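Working notes, structure below.
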There are 2 protein chains.
Amino acid sequence: MNELLVRGADVLQCESDSCSILTNHDIRVEGDRITAVEPSGSIEVVPEFEVIEAAGMLAAPGLINTHAHVPMGIFRGLAEDVDIETWFNEYIWPLEANLTADDVYWGMQLGLAEMISAGVTAVADHYFHMDRAVVAVEQSGIRAALGWAVFGSQGTEGVHRTVSFAEEFSGAADGRITTWLAPHAPYTCDDAFLSAVAWEAERLNLGIHIHAAETAGQTEASLAAHGRTPIKVLADSGVLDRPAILAHCCGVTADDIELMANRPCGVAHAPKTYLKLAMGAAPVLEMRAAGIPVGLASDGPVSNNTLDILESLRLMSLMAKHESGNPRTMPVGAALTVATRESAKVYGMPDDLGCLAPGFLADVILIDLGGAHNQPTHDPAANLVYSTRASDVRTVICNGEVIMRDRRLLTFDLDEIKARVGESMTRLSQRVPNSRIQRYQP
Amino acid sequence: MNELLVRGADVLQCESDSCSILTNHDIRVEGDRITAVEPSGSIEVVPEFEVIEAAGMLAAPGLINTHAHVPMGIFRGLAEDVDIETWFNEYIWPLEANLTADDVYWGMQLGLAEMISAGVTAVADHYFHMDRAVVAVEQSGIRAALGWAVFGSQGTEGVHRTVSFAEEFSGAADGRITTWLAPHAPYTCDDAFLSAVAWEAERLNLGIHIHAAETAGQTEASLAAHGRTPIKVLADSGVLDRPAILAHCCGVTADDIELMANRPCGVAHAPKTYLKLAMGAAPVLEMRAAGIPVGLASDGPVSNNTLDILESLRLMSLMAKHESGNPRTMPVGAALTVATRESAKVYGMPDDLGCLAPGFLADVILIDLGGAHNQPTHDPAANLVYSTRASDVRTVICNGEVIMRDRRLLTFDLDEIKARVGESMTRLSQRVPNSRIQRYQP
């Protein structure tokens, strides 16, 4: 059994929109779980324990990315400064006409390497060829909630595709992989398709990960076409009766928020994409006030253009202040509660992730606040929200295993990944408009 | 004479809102200037040249920070999640009652170290005890435009203070230091004070660096009190007849923009501060459309909370898209033109800085795009705006001298700086409300 002692860290604790720091504490890890968090020196060190010295480091729960399309990093930089319709119809879907299973495998490795080196230990990913993504996740040591993305145009075969993937790989990688059904969005999946997915989710006790009300424009188009908002469509089809990750929700109405409240859904919030594509602002405050959990997300690295959850954390806090006109909004404690406990809830593992306490899974990151940009550390929690960079993450533990130590990735060979992705760059950059995999027409 | 050859870099070129990359080029530096930028191999290498291998690196002009209060890093984290009035009256000005000349010296070192390691080679700084800041700048190797901040309440003595500093230190540090007069703001300096400063600026051929129309609230208060906007006050007092750095301008009106156009002023744009303090959005597009140059800025690290100009660049671009509702706004080429040529103009050195071409001063940064978060490099210029981190800057050359090499600072001992700042943390965190240095009451 794996046995670790993280020694002398300052341990971040978040709960109910406030946070505190346990200074100079030790964290004991046995197997895949945390078994003790105590003042340094008070846990007996037996020889079997691997000791990780963490004096002066901030220990935080591994960051959780509640919505991404990780392998899309292979297209990073190919769709800049365009609106969402052009982004889909002229860039992404014609680019994805080129996508191979091997691209997904190497793109997944690239993105997982990026996330590990930025302190992310769990990602809810929504993409294609996910059987190959599984192989990359197994190798990475990271945790992932995977869904094979399908469109209504695929009909029964599409439902089978997302279901059979979820059945086959649930619990893979020693339990690090959970699976979700992944219909693309209400505007690309009709009611019958969504109902079939919801039915299967119920039958197999699975959750559903879907794009929903990404913009106010989508909500208006849905109202014009069906007389119902995208959220109402999801409620009517039974999707909202299942645990659900709803990606984006910039276009939800007050009625939608009422519909979502008290249902087992959470919202994945990816503010950088919303700014870059001018999608509007998600009503984070209103959704949280209604009790709907919000989790941090990157979205894919062709809109973001990174998988950096610390950047999402900062932008969420800054944009909440800007949009409300109130700088007291989304203060440090609330922002860090979203990043930890609430993201764990959206991810579907509220009792296992997002907290450094006995009984929780041992997903721990050690952050070095010694850089000039974080000094002096009058308020380490404020540093984490407003000044820390992904590159300050020094060591990453996931499921009780060290997967990055002192910024050295232990599970991936980044040079090989870059070489393999690099080989395909020319082919990847060719758009095939006549073979675009879908058309954006909400 | 210093002789350098930067070999095999991809060289960023920006002009008139577009940019391009000269792949695999060499940059020759002689003394403090660039003397050639040519395809790699075509410049003869003589033995006296120090060669810096830069294959696969992106070479960009050193970043320019057009408005900061660098030494305020010593207070980082002490004033979180509050509005601008509370920020000044309950935090910053009671904290600054404690400020010593030594604090400024060590705080300046800390901030310069932060900026060098983030690729900044020039900063327009506005603070107190600037004679001590000069010493830190001399040691750093960085370029600085320094102004000693004064308030109207200081009367004639205040005018003398900012003037005598500017006279004494203009051209210091082998010309790396330029000086500006630095009255604080129209709401803390009355018309007579501003007119006296403008008069002295004219007499000594100096520019004026000042906060102006920071928020719409300040503009409204000024209209209520004087029937004139802050910008009109600056025009009436003669400040706008001098080269001027106007910090923030979130509260400028359409008439103000007309007043500013065709005058020798530029705007320092610090978007992270505006978001964090919910100050509103600066009309960057409208000001640029009127021909007013806009430069990137951090503002002080108690509002920002960093001195990271790459972060300012990204936020400027993202916020321009968000506020206009148009994702085609402020595309990569425009954002990088602001970061380079236009920031140089605001800084007062348009023919010397912000461009890697023969005749320009040799302020060059080498950026490593090899991190997973920048791969693959379909579009290195887009990387710089949307995915590069300060920690990707590997080597920094300022005025022809290498001041950071492979992320090792060559002019500062960061451990000593941290220790010296750390010693004072308890004293620095004590607020003295009864001795606050000013009161915010625009």
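Everything quoted here is computed from the prediction, not taken from an experiment. Only this structure's heavy atoms are used, side chains among them; waters, hydrogens and symmetry mates stay out. Note on naming: letters A, B, ... go to the chains in the order of the sequence lines (proteins, then strands), and numbering restarts at 1 for each one.
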- Message: What verdict does the side chain to side chain contact (heavy atoms under 4.5 Å, CB included) test give for A:Arg76 and B:Asn383, after you've listed the backbone C-alpha separation in whole Å, the side-chain angles of each residue and the deciding distance to 0.1 Å?
- Response: CA-CA 8 Å; A:Arg76 189 190 328 257; B:Asn383 283 339; 4.1 Å; yes

- Message: Are there over 12 heavy-atom neighbours, none belonging to B:Arg408, within less than 6.0 Å of that residue's CZ?
- Response: no

- Message: As an exercise, state the distance from CZ of A:Arg314 to CG of B:Leu275, rounded to the nearest 0.5 Å.
- Response: 12.0 Å

- Note on the structure: Heavy-atom closest pair (A:Ala278 atom, B:Gly325 atom, distance to 0.1 Å) is CB-C, 3.6 Å

- Message: Report which part of B:Ser391 has an atom under 4.5 Å of a heavy atom belonging to chain A: side chain, backbone, both, or neither.
- Response: both

- Structural part of A:Pro376 lying under 4.5 Å from a heavy atom of chain B: both

- Under a 4.5 Å heavy-atom cut-off, does chain B meet the side chain of A:Leu110, its backbone, both or neither? both

- Please determine, among B:Gly280, B:Gly370, B:Ala118, the option with the most heavy-atom pairs under 4.5 Å with chain A. B:Gly370

- Item | Side-chain heavy atoms of B:Leu315 within contact of A:Leu315, under 4.5 Å | yes

- Message: At a 4.5 Å cut-off on heavy atoms, which part of A:Ser387 comes close to chain B: side chain, backbone, both, or neither?
- Response: both

- Where does A:Leu409 contact chain B at under 4.5 Å (heavy atoms): side chain, backbone, both or neither? neither

- Check the side chains of A:Arg389 and B:Thr306 for a donor-acceptor pair under 3.5 angstrom, ignoring hydrogens and angles. no

- When A:Asp392, A:Asn374, A:Val421 are compared by non-hydrogen pairs under 4.5 Å with chain B, the top option: A:Asn374

- Note on the structure: On a heavy-atom basis, the closest approach of A:Leu414 and B:Ala372 is CD1-CB, 3.9 Å

- Message: Please classify the contact of B:Met319 with chain A as side chain, backbone, both or neither, using a heavy-atom distance under 4.5 Å.
- Response: side chain

- Item | Candidates A:Glu323, A:His322, A:Lys276 - the one meeting side-chain hydrogen bond (donor to acceptor under 3.5 Å, both in side chains) with B:His322 | A:Glu323

- Let me know if A:Asp83 has heavy atoms under 4.5 Å from chain B in its side chain, its backbone, both or neither. both

- Does any heavy atom of chain B fall under 4.5 Å from the side chain of A:Thr86, the backbone, both, or neither of them? side chain

- Query: Out of A:Thr377, A:Asn304, A:Leu318, A:Asp379, which one racks up the most heavy-atom pairs below 4.5 Å with chain B?
  - Reply: A:Leu318

- Item | Contact leader toward chain B among A:Met115, A:Lys272, A:His373, where contacts are heavy-atom pairs under 4.5 Å | A:His373

- Does a donor on one side chain sit under 3.5 Å from an acceptor on the other, for A:His378 and B:Glu80? no

